[in-house]
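See below for the structure under consideration.
Nothing fancy with the numbering, it's 1 onward along the sequence. Just so you know, ligand 1 is whichever comes first in the structure, and atom 1 is the first atom listed for that ligand.
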Amino acid sequence: MNRQDIEALVRPNIRALCPYSTARDEYQGPLGIFLDANESPYPTGYNRYPDPHQKTLKAQLSSIKGLPAENIFLGNGSDEAIDLCFRVFCTPGRDNAVAIAPSYGMYAVAADINDVQMRSVPLGADFGLPAEALLAACDAHTRLLFLCSPNNPSGNAFDPAELEEIIRRFPGIVVLDEAYADFSAKGSLRAKVLEYPNLIVLQTLSKAYGLAGLRLGMAFADAYVIRLMSMVKYPYNINQAALDLVSQALKQPVEAKVAETVAQRGRVAAALPAYGFVRRVWPSDANFLLVQVDDADALYAHLLADGIIVRNRTRVRGCAGCLRITIGLPSENDKLLASLDRYEKGDIHR
Ligand code: PMP
């Protein structure tokens, strides 16, 4: 695909959009007496609007992620970027999107909000990538294809070569959600956005970086796609406090925490199959495990009574009997396993 192909996929009203021009867009000279944005002149630390283009934080992320700033979009969580994909590429009531299932629930919710039909394609055996079925689900009005690797809730990362083949063959925008890629040995495909203009890779600071409360999601894509998303976003979508705190936090290394989480994932995954009530533990490339048990509702209630809250996914299609368990601190995982020991012995809360 080339730039013209991508342009043809954009909603006509967005292609023609004249974006809002902020006071900071119209004056970019040296600091002076700012009487141009109807801000309060009384300092509170936050009386000025933040940089709508987030230049400083993008420069910092550019060196961490190894991609030029023009290929980076910053959103209020990756949830904002997911919504923007629909707003930029899908004409409501006409276009459709395709996604693997089960996967992260926001793809379908964002589709519903934008009045875009979502076509869910079940994952194959062992939650494998159904490449042919995904491509077969597309028609002339399919604009977006959502893939998530490592996938939530199954935890598995897909083979990068298989993902790349889909990106090459799909005649629309592939949104590859890599929220959990920091925990995976399979790595990231974000560098491929320089090669494939129809690829948007999503990452987030909510998981490995431990900053879910600050709401900072990233989309990596061709510079033209980034410009489209930036035109449609709210002008000041990342607030000044988030810009400052994220910038500080990025100076702290995360590798040791990620390594501990990965080691704890191995430890919990190894301990679980010994319980008689555990039917299956899927291999995980993320910071959680999907576990199939004899009675998911009963185990969920037992853990809850012990003050341990997991995600009950038993009513999700393809996840019957499954709980999704996030990997916690070593001491929290100790308590989880101790609670499972009691459940095994019949010392059950109901
Ligand atoms: N993508 C996936 C696959 C997720 O599981 C989640 C959060 N559970 C998100 C995106 C949302 O991330 P953010 O906090 O950046 O909005």
*asked:* Which label fits Tyr236 and Tyr49: parallel for a plane angle under 30°, tilted from 30 to 60°, or perpendicular past 60°?
replied: parallel
*asked:* Give the atom numbers and elements of ligand 1 that come within less than 4.0 Å of a heavy atom of Ser206.
replied: 13 (P), 14 (O), 15 (O)
*asked:* For ligand 1 and Lys207, I'd like to know whether there is a polar contact (N/O to N/O, distance under 3.5 Å).
replied: yes
*Can the ring centres of Phe86 and Phe146 be said to be less than 6.0 Å apart?*
yes
*Look at the aromatic rings of Phe183 and Tyr180 and report parallel, tilted or perpendicular, splitting at 30° and 60°.*
tilted
_Heteroatom distance test (Tyr180, ligand 1): nitrogen or oxygen, under 3.5 angstrom_ = yes
_Donor-acceptor contact present, side-chain His53 to main-chain Asp25, <3.5 Å_ = no
*When rounded to the nearest 0.5 angstrom, what distance separates CD in Gln203 from CE in Met218?*
5.5 Å
*Please state which protein non-hydrogen atom is closest to atom 11 (C) of ligand 1 and give its distance, to 0.1 Å?*
Tyr104 OH, 3.3 Å
_Heavy-atom contact check, 4.0 Å cutoff: does Ala212 meet ligand 1?_
no
*Side chains of Tyr107 and Asp177: do they bring a donor and an acceptor to under 3.5 Å?*
yes
_Arg215 touching ligand 1 at heavy-atom level, < 4.0 angstrom_ = yes
*Okay, side chain of Asn47, backbone of Ser40: is any donor-acceptor separation there less than 3.5 Å?*
yes
*Which ligand 1 atoms, with their elements, are less than 4.0 angstrom from a heavy-atom of Cys148?*
3 (C)
*Side chain, backbone, both or neither: which part of Asp79 has a heavy atom under 4.0 Å from ligand 1?*
both
*asked:* Counting only heavy atoms closer than 4.0 Å, does ligand 1 sit against the backbone of Ser78, its side chain, both, or neither?
replied: both
*Polar contact flag for Asp177 and ligand 1 (N/O pairs, less than 3.5 Å)*: yes
